[in-house]
Protein chains: 2
Amino acid sequence: MNQKIIYTNSVGETVENLVAAMGSPKIFVITDRGAFVNALPLLRAQSPLIAEAVTVTIEQGDENKNIDSLGRIWKALGDSGATRSSVIVNVGGGVVTDIGGFAAATFKRGVRFINVPTTLLGAVDAAVGGKTGINFNGLKNEVGCFAEADTVIISTIFFNTLPQQQLLSGYAEMLKHGLLENSRAFSQLLGYSVVSPVFDSERLFDLLRNNVSIKKNIVDNDPTEHGLRRALNLGHTAGHAFESLAIEQHTPIPHGYAVARGLVVALVISRLRLGFPSDTLYQLAAYVKENYGPGHISCDDYPRLIELMSHDKKNPSPDSISFTLLHDVGDVETGCIIPVEEITAALDIYRDLMGLA
Amino acid sequence: MNQKIIYTNSVGETVENLVAAMGSPKIFVITDRGAFVNALPLLRAQSPLIAEAVTVTIEQGDENKNIDSLGRIWKALGDSGATRSSVIVNVGGGVVTDIGGFAAATFKRGVRFINVPTTLLGAVDAAVGGKTGINFNGLKNEVGCFAEADTVIISTIFFNTLPQQQLLSGYAEMLKHGLLENSRAFSQLLGYSVVSPVFDSERLFDLLRNNVSIKKNIVDNDPTEHGLRRALNLGHTAGHAFESLAIEQHTPIPHGYAVARGLVVALVISRLRLGFPSDTLYQLAAYVKENYGPGHISCDDYPRLIELMSHDKKNPSPDSISFTLLHDVGDVETGCIIPVEEITAALDIYRDLMGLA
């Protein structure tokens, strides 16, 4: 894969240079209402090309990452004269880079695109690695394809206006990458907090640079998720179930909150199964409890949580639940099939660690 | 690219063996009403797996290669339990392999698929080479992606029931491949006719085997159409315009008829520009006139035809019209920008050669 990642706060200038290097094709901006208000003005001020580009704006929120928005984007591109040599610039969070990337990958069988993530979660997760898609038939990312952005521009200039909850949501994926990498990276992350009274964006920029490259290395070795890439699923088996349950209970939680709690569950099972060190488990549990809170999980929720876990598309078959686990920080084992009783036990320990029991 | 092509009339047995070699995943059949009636019974009789598979049947005709049918396929796959390890078997003509391939390439970000073309046009053109997609916003193949079938099974068992018009339509693409290859291949094709009173399917099978490999070689060298693959556009610049005009005039013609006539136009321009040998041009013109007829093209149609040509997505910019041309049989030049006056002159000569003037 030859996806370039550029770390810079001169985002507009970088877009201008990239487009010039591509032979100055026509560009089209895809964004959503939130980024249109909060991020695009900043970018337009930095780049005449962005300021003058045809801009397609979809509604905000994951529920709009759907086939209707996709059709609207395809139509707008066609109607405003996009050709195979045009370039799409996706400006927004994960919803925008997912659907905008899929639209670009399929419009006239594929045009080039640049991702400009405007949220921490987008920067550290969705924008890098080539997963694109939409929700469909009630399932997240049911439809999509693997298509890498030509370039991803990572910056922190959009983060000052982000709600703390959104920063925390992104930071959970950074914690995951740290756990996959090594103790040093993980400790650095535990030593920083995006909720500190003084938000230190320079320090975050440094952490981000190292963190995104962890993901990029994994993806480069397994772009279409047949092996190693499953490591990135750490925390997501239970995390997705927490997220779906919260939606069903009409108390939705940010993706990263679900992942943070799912990481604790994954480390509990790693402890039980693979002897993952308990002090590191406790450190993470304390960090998650303090920053994300324990969530509302009671014993009555277990059957539904387990059912939700069994629907995960990463399971090899519908009746086996697969986890990514760790022997230690940086020592991953993917595709571990865990029996229901053990998941139940892990949920009990989770509730205990998080002060819910 | 590692797309396998298997030439066999034991289609069902071949599907069974392929699926077994893949580890016996669950299979799903995608087809359309026409193939469901004419081709699927034959295949079901040869293969219990096909007979028992969940089958998604879309309406027949290019107008149903649309986003609604695509959504129906995605939903049916999800609802009937298809997973990432499932295998789709597309049974039908180009409409089915195009939309079924696109559905497979995007369902859960891509599952494997096998193409079983049931028309000559499908076998020789759509099923091989990885172009998938749907029509959208009034444009053919406006949306799609490059995704190769795991295997394409080429046979003639479905052709006995095909109308002669459909056989001729497919044969036009074979003529195109012959022109791209060499004089021997082209002469062999001119020496055969699918409309002869005795339809010789064994001879056709032999011609097909050689012919499909011509396309495969071109595609293997340029899967995403950045260079050499544009050779396959021979005859299609004028051909697509003839096809669209016929639809606008409410007298639609089969794709291959438009291509056959477009090939004559391309060779006329090749003669004018690149000194393509006139005797070969005359041979092709005579074959096309006899088998496909000249079509109804008058001088009054020229402006609209040229407008339609200028909309071709293969043009580098909207105001230049690009042709694939030949110096001689087997000696291709792609991306030739031809001025409008020269296209007009070529259309005059076309009408002359075809007895229309």
Side-chain angles (χ1 to χ4, degrees), chain A residues 23 25-26 66-68 70-86 98 101-112 129-147 223-226 229 311-320, chain B residues 23 25-26 66-68 70-86 98 101-112 129-147 223-226 229 311-320:
Chain A
K26 208 169 163 184
N66 60 23
I67 193 168
D68 292 337
L70 180 66
R72 281 221 306 117
I73 296 171
W74 281 335
K75 185 163 191 317
L77 291 173
D79 288 349
S80 48
T83 69
R84 279 190 176 183
S85 40
S86 299
D98 278 7
F102 188 42
T106 50
F107 180 73
K108 294 188 190 287
R109 293 205 191 92
V111 301
R112 293 167 294 178
K131 283 193 177 181
T132 72
I134 56 170
N135 306 324
F136 185 79
N137 203 18
L139 293 166
K140 284 175 71 86
N141 303 317
E142 174 78 342
V143 162
C145 63
F146 290 96
T224 53
E225 199 167 28
H226 288 100
R229 185 168 184 160
H311 289 172
D312 196 306
K313 70 178 161 220
K314 278 149 195 140
N315 292 330
S317 72
D319 43 341
S320 53
Chain B
K26 208 168 161 186
N66 60 25
I67 193 168
D68 293 336
L70 180 66
R72 280 223 305 118
I73 295 171
W74 281 335
K75 184 164 190 319
L77 291 173
D79 288 348
S80 48
T83 70
R84 278 191 177 183
S85 40
S86 300
D98 278 7
F102 188 42
T106 51
F107 180 73
K108 295 188 190 285
R109 294 205 190 94
V111 300
R112 293 166 295 178
K131 283 193 178 181
T132 73
I134 55 169
N135 306 324
F136 184 80
N137 201 19
L139 292 167
K140 282 173 74 84
N141 303 316
E142 174 77 342
V143 162
C145 63
F146 290 96
T224 54
E225 199 167 28
H226 288 100
R229 185 169 185 161
H311 289 170
D312 196 308
K313 72 176 157 219
K314 278 147 195 144
N315 293 329
S317 71
D319 43 342
S320 55

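Quick caveat, the model's predicted, so the values are computed rather than measured.
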* Asked: Highest number of heavy-atom pairs under 4.5 Å with chain B: which of A:Leu70, A:Val143, A:Leu77?
  -> A:Val143

* Under the ring-ring contact (aromatic ring centres under 6.0 Å, His included) test, residues paired with B:Phe136 that sit two or more places apart -> A:Trp74

* Exceeds 12 heavy-atom contacts within 6.0 angstrom, atom NZ of A:Lys140 -> yes

* **Least distance between heavy atoms, A:Arg109 atom then B:Thr132 atom** => NE-O, 3.0 Å

* **Contact leader toward chain B among A:Asp79, A:Thr106, A:Leu139, where contacts are heavy-atom pairs under 4.5 Å** => A:Thr106

* Between A:Ala105 and B:Cys145, which heavy-atom pair has the shortest distance, and what is it? -> O-CB, 4.2 Å

* side chain to side chain contact (heavy atoms under 4.5 Å, CB included) partners for B:Arg72, two or more places apart -> B:Ile58

